[in-house]
Structure formats: C-alpha cells, structure tokens
Amino acid sequence: MSGKTILVTGGAGFIGSAVVRRIIECGDDRVVNVDKLTYAANLANLAPIEGHPGYAFEKADICDGGAVGEILKRHQPDMIMHLAAESHVDRSIDGPADFIHTNIVGTYQLLQAALDYFRSLDGPRKEAFRFHHVSTDEVFGSLEMNDPPFNPDTAYAPRSPYSASKAASDHLVQAWGHTYGLPVVLSNCSNNYGPYQFPEKLIPLIIIRALAGRNLPVYGTGENVRDWLYVDDHADALLTILKTGHAGETYLVGGNAERSNMDVVRTICAILDEKFPGSPHTPHENLITLVADRPGHDMRYAIDASRLRDELSWEPTINFEIGMKQTVEWYLQNQAWWEPLLSERYDGERLGLGANGSKKQ
Ligand code: NAD
Ligand code: DAU
C-alpha cells in the first residue's frame, strides 16, 4: 500500500479535526487519531470522513504512556503530529492544573513513547520518521504595536499558564531532539478561526451571541491585536511542515492578517447586518460591550513566516474578509453542531451562552 500512516493526537478538536479531514480527503495517507475526548473534542467534527478505511480512532489520554506505546506498536505510524492540548487561555487562568498535566506531562509521556517506538524502526522508515509538535505564537510573549513580528529566533517569554505550559512542551520536544536524536520539527502558529471551533473562543462566541442579540463582550479596550489564520490554511501548512520540514527546525505560521479585537468583532457585526437587514439586533455593533480585561492579557501577536514561505513554499490562501464570511455562514448553517455545546456540561453558563446570558459584565 502506498502512502504514509500519520498518527495525530487531538484529532477530535478544532485544528486536529481539520488536519484529519484534510489527510483523508486529499490523498492516499492513512490517519490514526488519538484523542481523550475532553470537553473541547467533538466526534461530529469528523463526520465527513467517518467510516473511511484510511481513518482509525483510538480514545486515549496522552498522559498514559503505556496506552500510547501500545497504540504506536499496533498502528506502526510513519510520522506523529502532536496537537492534543488544553488550549483556552481563560480556562488556564481559572484552573491551570489540567494545562500543566496535559500540555507538559502529556507531551513528556508522548515523547518517551515516541522515542521507544522510533528506536524500534530501521532503514528508510527510521530515516523518514518525524515527530511534529504543534505549538503557538503565545510562547513568545507580548509585542508592543511597533515591535517587529515574532521570528524563529525570538526568545521565549510566555505570560499565561497556557502559554507557559506550551513553552515547556516546546522545550521538552527540542530536548528530545537534541539529546536523544528523535527527529522533531516544531511549528508555532497564530490565532486560527473557521468551522468547528468551540464557542468559548472569540470568533464563534461573538457570532453566536450576536445571533441571540446578547451583549458582545470585548476585553479591556478592544485594542489587543491578533494575527488570524483560516484553519484549513493552518492544516495545509502543518502537513507541508510534517512532510517537507527539516528535522530540528522551527517554522512560524501566520495569516498576514493582524486585526484588533474590536475590528474582528465589528467585521462579524457588519457581516450579520448585511445578512439580516431586518433583524431587531441590526446594527449588531450596538451589542458591543467593553468588559473587565483578561488578567495578564497579551497586547499583540504578529508572525514573520518568511522561513515557511522561502524554504517550504507555503503561504496562506484565504484572506481574512473572505474567511470571516465563510465562517459566519458556517455557524449560521450548522446550529445543530454548536447548540448542544451551550449546555451545562460544556459550561455554557460560564461562557454566557446558557440561560441567563451575561458574560463578565
Ligand atoms: P482544541 O481545544 O479545539 O482541541 C484539543 C484536542 O485535544 C481535543 O480534541 C481534546 O480532546 C484533545 N486532548 C486534550 N487533552 C488530551 C489528552 N490528555 N490526551 C489526548 N487528547 C487530549 O484545540 P485546538 O484549538 O484545535 O488546538 C490544537 C493545538 O494547536 C493545540 O496544541 C494548541 O496549543 C495549538 N494551537 C492552537 C491555535 C488556535 O488558534 N486554536 C493556534 C496555534 C496553536
Ligand atoms: O495565538 C494563538 C492562540 O490563539 C492559541 O494558542 C490558543 O489556543 C487560542 O485559544 C488563541 O488564544 P487567544 O487567547 O488569542 O484566543 P481567544 O479566542 O480566547 O481570544 C482572542 C482575543 O479576544 C484575545 O485578545 C482575548 C479577546 N477576547 C476573547 C474572548 C473569549 C475578548 O475580547 N472577549 C472574549 O469573550
């Protein structure tokens, strides 16, 4: 059989599921999805490829090294792409323990299992093996408005429990590369948006609250800047890095779309105004409410992705305005996907998406 077997961790989450769908839809590679199915996971994200002979699912916790080792032995992957993580900054502030456990201890357990497995390989399969660690631009800290963007040599300066836990995982991955010779590659990406994003994150939260005519909570002054990348572009970049990236390298991935949070929220409001001119909530901008700031809120992230462009010929293809229209459209057409996520089980009340609907006012 031609093609590779790629083991993806966290493949039932937002970005992981985009990667899994892309692998199955775009080629003859096989994929093994290892996911613990936390609150952020949703097997409905994988409905488009469910039952495909090239797709296998293994419910497992990456913190359980024994279970991961057994899965590696059984599926004999050619490459590993590691996305499983606790990913939401606000949750890391309210309760850091799960972030330390999954992002640091889990990455350590996965690295150990991957190293044992790598040592069992030989010949061309060993030569071609890769462990790709998927990380975030937040490990580099916070930029001022006029600072140059992050580049692969920017010093680490994480400032939230989430970004500190991701920085620790990056260091572990680099150490397993340098010390034990595990062929690792890292990527640090900016903010993703698009279909299937859990509605605690800014963009889906604002879309869903605006549709319901609820206040649109913008932290602090709304001047904080993020660089936004459409999730399918990120999935494409990740597969490019996995297949053609050089072992030991770090690649920064960005969308060339720096926007303030206020701009992002206004863009969503304008799209909804255009779609629903007769809505009682039009103009949706009137729903915008400045609320208490996130503690330690990073001011700005920005990415210099020239290494990825120059060495691996990758650039984003979906511009922010088009991507945002597609995203709003997707949430409008897929209420059956997000509505169940607003329940108690998923902390809908904490998100302000449950019954009483207030958020940080
Ligand atoms: P997500 O929260 O949507 O999904 C995370 C997935 O990991 C879920 O399916 C969850 O069940 C799984 N998981 C969590 N703990 C696990 C464990 N102990 N064992 C096995 N599986 C576990 O996250 P996302 O937004 O898709 O992010 C994926 C990765 O990309 C993360 O590593 C994140 O740090 C990184 N990243 C995210 C963004 C972004 O904008 N969302 C940007 C850059 C980097
Ligand atoms: O930069 C990459 C990171 O992007 C990833 O590593 C994280 O996993 C991902 O969650 C994301 O982190 P952010 O904290 O930037 O994303 P979030 O959607 O939570 O917030 C985006 C911005 O919007 C941030 O400046 C905080 C602000 N915000 C967020 C929420 C939820 C608000 O103003 N109001 C809100 O209600």
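Counting starts at 1 for both ligands and their atoms, following the listed order. As the structure is a prediction and not an experimental result, all values here were calculated from the model.
- In the model, Y196 has no side-chain atom that pairs as donor or acceptor with a side-chain atom of R21 under 3.5 Å.
- The pair R22-D232 does not meet the salt-bridge criterion, since no charged nitrogen lies less than 4.0 angstrom from a carboxylate oxygen.
- At a heavy-atom cutoff of 4.0 Å, ligand 2 is contacted by the backbone of E200 but not by its side chain.
- Closest to atom 43 (C) of ligand 1, if we only count protein heavy atoms, is C189 O, 3.3 Å.
- At a 4.0 Å heavy-atom cut-off, ligand 2 touches V89 through the side chain alone.
- Looking only at protein heavy atoms, the nearest one to atom 23 (O) of ligand 1 is S87 OG, 3.3 Å.
- Contact atoms of ligand 1 toward A60: 19 (N), 20 (C) (distance under 4.0 Å to a heavy atom of the residue).
- Heavy atoms of K166 come nearer than 4.0 angstrom to ligand 2 in no pair at all.
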- Message: One pair to check against side chain to side chain contact (heavy atoms under 4.5 Å, CB included): F198 and Y39. What are the steps and the verdict?
- Response: CA-CA 9 Å; F198 192 82; Y39 80 96; 3.7 Å; yes
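- Residue T136 has no nitrogen or oxygen atom sitting less than 3.5 Å from a nitrogen or oxygen atom of ligand 1, judged on distance alone.
- For atom 37 (C) of ligand 1, the nearest non-hydrogen atom from the set V8, V253, I15 comes from I15.
- Within the 4.0 Å heavy-atom cutoff, A18 does not count among the residues contacting ligand 1.
- For the residue pair H133 / T107, no side-chain donor-acceptor distance below 3.5 Å is found, with atom types taken as modelled.
- Residue contacts with ligand 2, taken as heavy atom pairs separated by less than 4.0 Å, involve E138 solely via side-chain atoms from C-beta onward.
- By the criterion of a heavy-atom distance under 4.0 Å, the side chain of Y162, and not its backbone, is placed next to ligand 1.
- Taking any N or O of G13, backbone or side chain, at least one lies under 3.5 Å from an N or O belonging to ligand 1.
- With a 4.0 Å heavy-atom cut-off, ligand 2 is reached by the side chain of D137 but not by its N, CA, C or O.
- Taking a 6.0 Å sphere around CD of E127, one finds it holds 12 or fewer heavy atoms contributed by other residues, nucleotides or ligands.
- Short contacts between ligand 2 and Y301, defined as distances under 4.0 Å to a heavy atom of the residue, involve ligand atoms 1 (O).
- Taking every heavy atom of L205 and a limit of under 4.0 angstrom, the matching atoms of ligand 2 come to 36 (O).
- In summary, the side chains of N192 and Y230 do not present any donor paired with an acceptor at a separation below 3.5 Å, with no hydrogens or angles considered.
- At a heavy-atom distance under 4.0 Å, no atom of N188 approaches ligand 1.
- At least one N/O-N/O distance between F14 and ligand 1 falls below 3.5 Å.
- In this comparison of N191, D293, I203, D227, the heavy atom closest to atom 11 (C) of ligand 2 sits on N191.
- Looking at I62 next to ligand 1, an N or O pair under 3.5 Å apart turns up.
- Between H234 and ligand 1, a contact under 3.5 Å exists for no N or O pair.
- Residue contact check: T136 has heavy atoms under 4.0 Å from atoms 1 (O), 2 (C), 3 (C), 5 (C), 6 (O) of ligand 2.
- In this structure, of D35, L83, N45, L43, the residue bringing a heavy atom nearest to atom 12 (C) of ligand 1 is D35.
- Remark: E223 does not engage R300 in a salt bridge, criterion side-chain N to carboxylate O under 4.0 Å.
- The backbone of S190, and not its side chain, has at least one atom closer than 4.0 Å to an atom of ligand 2 (non-hydrogen atoms only; backbone = N, CA, C, O).
- Under a 4.0 Å N-O distance rule, the pair E321/K325 does not qualify as a salt bridge.
- Ionic pairing of R91 and E200 is present here: one or more N-O contacts between side-chain nitrogen and carboxylate oxygen are shorter than 4.0 angstrom.
- Every heavy atom of S17 sits 4.0 Å or more from the atoms of ligand 1.
- At least one heavy atom of S135 sits less than 4.0 Å from an atom of ligand 1.
- Counting atoms of ligand 2 from 1 in the listed order, those under 4.0 Å from a heavy atom of Y162 are 5 (C), 6 (O), 7 (C), 8 (O).
- For the pair R226 and Y301, the cation sits on the ring face: its NZ or CZ lies under 6.0 Å from the ring centre, inside 45° of the axis.
- At least one N or O atom of K166, backbone or side chain, sits closer than 3.5 Å to an N or O atom of ligand 1.
- The two residues P204 and Q197 have their closest heavy-atom pair at CD-OE1, 3.4 Å.
- Both the backbone and the side chain of D61 come within 4.0 Å of ligand 1, counting heavy atoms alone.
- Annotation for ligand 2: atoms under 4.0 Å from non-hydrogen atoms of H88 are 19 (O).
- Per-residue contacts place V218 under 4.0 angstrom from the following atoms of ligand 2 (heavy atoms of the residue considered): 33 (O).
- In terms of polar-atom proximity, defined here as any N/O pair under 3.5 Å, K36 does make such a contact with ligand 1.
- Between Q197 and ligand 1, no pair of N/O atoms sits closer than 3.5 Å.
- Within the listing of ligand 2, atoms 24 (C), 25 (O), 26 (C) sit less than 4.0 angstrom from a heavy atom of H297.
- Annotation: side chain of N261 is not in contact with side chain of V225 (no heavy-atom distance under 4.5 Å).
- Shown in contact with K201 at under 4.0 Å from a heavy atom are these atoms of ligand 2, numbered in order with element: 10 (O), 18 (O).
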